[in-house]
Amino acid sequence: MVRLNKKYVLPFVSKEELKNIGPMVSAAHKLLREGTGAAADRLGWLDLPATYDIAEFEDIKATAKKIREICDVFVVIGIGGSYLGARAAIEFIKSEFCNRFGGGPEIYFAGNNISAASMANILELCRGRRVCINVISKSGSTTEPAIAFRIFRGLIEETCGIEGARERIFVTTDRTKGYLRKFAGQKGYTTFTIPDDVGGRFSVLTAVGLLPIAVAGLDIDELMAGAGEARLAFAEPDLDKNDSLCYAALRNILYRKGRVTEILVGYEQYMQMFCEWYKQLFGESEGKDKKGIYPSSLIFTTDLHSLGQYVQDGLRNQFETVLRVMEPDVDLVIPDDPENIDGLGFLSGMSLSFVNQRAMEGTLLAHVDGGVPNLVIEIERRDERNLGSLIYFFELACAISGYLSGVNPFDQPGVEKYKNNMFALLGKPGFELRKKELEDRIR
């Protein structure tokens, strides 16, 4: 289960401040639980660990087993919430080098950019190999995944034919409407559903995330069980008994004191994509109405050698949230060097996990002394059950934080501006006048 260690934030937040924000947090929690707050029709994620479609869940596991048997490369096509959660979970459990370890198909993620170089690289990795794809899109018309789907669908149809492609293309989309739902029905592709009441950045525990995660060989029963445990554990509205709500409360207290940037810190490389998932979850949920905490991330100790100086001595407008796995699942012992050429003989015989722990503890103390509040979020071990709990912990805290800031945490009105500009500049029908205006501005 997830625990919040408040030791390193208490020098910056008084008990009185926590007590004062308590009624606001309880009110936000009530809005969420009773469905009387903003976007009440987007709260399906809240009880998802208990109400998910069991039949579809079993179908996901069966389909994942089939995919693992028939392909060498599995390409997941999606952007934002359509891929970040799955990739975060896979790399968190299996490592960022999981494609090199065997035991299942290599998994690559496409359709999350418009880079020709990136697309060409993935295509090259697919040449001459058995390929399956999973395209994930509510409508099917989002630019990046739609382009990637055209390209990879063409590759599979070219190598396997139209009939063969039907067995290798899997679609996750809206239940009833949208271009992609209609197209998948016409082609006879296997389809899975994006629930109407679950937004993209909250969708990792739906078919959106579960199919790729299961194809990677992870235990999605354990993942959902962990989320289910968190749902029950974090149902209490009392801050003293609910670490997810307490985290939301503390980050909002710090925000009101001018700490407008949160740095999610991991001490393991496998946490990198989880940090990316967190950034979308909080950035897209809170960044509205000219307010919101800016979500960023660092991986220590690597980034201590590039940005550690800024965190230690730079502008005091930030706080850190550290992810900590208490029990390492793998370890190495530092060998002895009789010549001691590096002067680190005192480390001989120590485990890397112990050294990493000491680095974390030393950094926490240094940053706190430098005026940076630190929250520490702890899980027991690196496995699917603990990860499921961690996902739910952050989703709940994010929703509460949004309500505390007075914004709707479940919409994203600001992302349409760049899309409309891009469509106009590319000559999409209906945008002709806008195109001329924009071209005049960039000349």
Side-chain angles (χ1 to χ4, degrees), residues 2 42-46 48-49 52 56-57 60-61 64 74-96 98 107-113 134-138 142 144-145 170 172-173 192-195 197-228 230-231 244 264 266 270-285 295 297 323 377 379 382-399 409-410 412 415:
V2 187
R42 305 292 278 176
L43 301 181
W45 59 273
L46 189 60
L48 188 65
Y52 64 89
E56 183 181 57
F57 190 80
I60 288 170
K61 291 193 287 186
F74 184 58
V75 180
V76 181
I77 298 172
I79 195 166
S82 294
Y83 92 100
L84 276 171
R87 185 169 180 182
I90 291 167
E91 295 193 9
F92 191 97
I93 301 298
K94 298 194 72 174
S95 100
E96 69 277 21
C98 56
I107 301 178
Y108 298 101
F109 294 86
N112 49 67
N113 57 59
N134 175 207
V135 57
I136 306 167
S137 176
K138 189 78 169 172
T142 303
E144 295 90 341
F170 303 86
T172 307
T173 189
F192 295 95
T193 299
I194 302 174
D197 57 357
V198 180
R201 56 189 175 274
F202 290 84
S203 67
V204 61
L205 298 178
T206 73
V208 170
L210 293 177
L211 180 59
I213 290 169
V215 171
L218 274 62
D219 188 335
I220 60 173
D221 286 291
E222 281 290 292
L223 189 73
M224 293 298 283
R231 171 180 168 271
S244 181
L264 189 66
Y270 63 72
M271 295 178 177
Q272 180 69 62
M273 288 308 301
F274 188 89
C275 291
E276 296 302 313
W277 172 79
Y278 142 87
K279 286 192 283 190
Q280 188 203 0
L281 178 67
F282 280 89
E284 204 167 65
S285 296
S297 65
L323 289 181
I377 296 173
I379 60 173
R382 174 192 180 193
D383 60 19
E384 289 92 335
R385 187 173 287 253
N386 277 274
L387 178 59
S389 294
L390 188 63
I391 288 169
Y392 193 90
F393 173 95
F394 274 114
E395 288 180 342
L396 178 59
C398 180
F410 305 110
Q412 52 279 342
V415 300

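These numbers come from the heavy atoms of this one structure, side chains and all, not from hydrogens, waters or symmetry mates. Just so it is clear, the model here is predicted, and its values are computed rather than measured.
- The OG1 atom of Thr173 sits 10.5 Å away from the CD1 atom of Ile136 when rounded to the nearest 0.5 Å.
- Without hydrogens or angle criteria, Ser203 side chain to Gly200 main chain gives a donor-acceptor distance under 3.5 Å.
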Verdict with reasoning, Ile379 to Ser389, per side chain to side chain contact (heavy atoms under 4.5 Å, CB included): CA-CA 9 Å; Ile379 60 173; Ser389 294; 6.0 Å; no
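- In this structure, Glu395 has no salt bridge (Lys or Arg N to Asp or Glu O under 4.0 Å) partners at least two apart in sequence or on a different chain.
- Under the 4.5 Å side-chain criterion, counting only non-hydrogen atoms from C-beta, Phe57 is in contact with Ile220.
- Under the 4.5 Å side-chain criterion, counting only non-hydrogen atoms from C-beta, Leu323 is in contact with Leu264.
- For the atom pair CZ of Arg231 and OG of Ser244, the computed distance is 14.0 Å after rounding to the nearest 0.5 Å.
- The nearest pair of heavy atoms linking Pro409 to Ala399 is CG-O, 3.8 Å.
- Here the side chains of Leu387 and Ile93 are in contact, with some heavy-atom distance below 4.5 Å.
- Summarising the geometry of Ala89 relative to Ile213, their closest heavy-atom pair is CB-CD1, 3.6 Å, with the distance given to 0.1 Å.
- To the nearest 0.5 angstrom, Leu48 atom CG is 6.0 Å from Leu205 atom CG.
- Every residue two or more places apart in sequence or in another chain was checked for a side-chain hydrogen bond (donor to acceptor under 3.5 Å, both in side chains) with Asn112, and none qualifies.
- Taking CG of Asn386 as the reference point, atom CG of Asp383 lies at 4.5 Å (rounded to 0.5 Å).
- Of the candidates Thr172, Asn134, Val204, Pro212 forms a side chain to side chain contact (heavy atoms under 4.5 Å, CB included) with just one, namely Asn134.
- Glu56 places a side-chain N or O within 3.5 Å of a backbone atom of Thr193 that can act as its donor or acceptor partner.
- Taken from CG in Asp221 to CZ in Arg385, the straight-line distance is 9.5 Å, to the nearest 0.5 Å.
- For Ser137 against Ile194, the heavy-atom pair with the smallest separation is C-CD1, 3.9 Å.
- Contact annotation: the side chain of Leu390 approaches that of Phe274 to within less than 4.5 Å [non-hydrogen atoms, C-beta and beyond].
- Proximity of Ile377 to Phe394: side-chain heavy atoms (C-beta onward) are separated by under 4.5 Å at one or more points.
- Evaluation of the ring pair (Phe, Tyr, Trp, His ring centres under 6.0 Å) rule for Phe202 yields Trp45, Phe410 as partners, not counting sequence neighbours.
- Take Leu84 and apply the side-chain contact (heavy atoms from CB on, under 4.5 Å) test, not counting sequence neighbours, and it matches Met273, Glu276, Trp277, Gln280.
- Residues passing the side-chain hydrogen bond (donor to acceptor under 3.5 Å, both in side chains) test with Glu384, sequence neighbours excluded: none.
- The two atoms that bring Met224 and Pro49 nearest to each other are CE-CA, 3.9 Å, heavy atoms only.
- Here the CD1-OH distance, from Ile107 to Tyr83, works out to 14.5 Å after rounding to the nearest 0.5 Å.
- Between Cys398 and Glu284 there is no side-chain heavy-atom pair separated by less than 4.5 Å.
- Every residue two or more places apart in sequence or in another chain that forms a side-chain contact (heavy atoms from CB on, under 4.5 Å) with Glu96 is listed here: Glu91, Gln269, Tyr270.
- Considering only heavy atoms from C-beta on, Leu210 comes within 4.5 Å of Leu223 through its side chain.
- Distance alone, capped at 3.5 Å, is enough to place a donor-acceptor pair between the Tyr392 side chain and the Leu46 backbone.
- Counting only heavy atoms from C-beta outward, the side chains of Ile391 and Phe92 never approach each other to under 4.5 Å.
- Using modelled atom types, no side-chain atom of Arg201 and backbone atom of Gly80 make a donor-acceptor pair closer than 3.5 Å.
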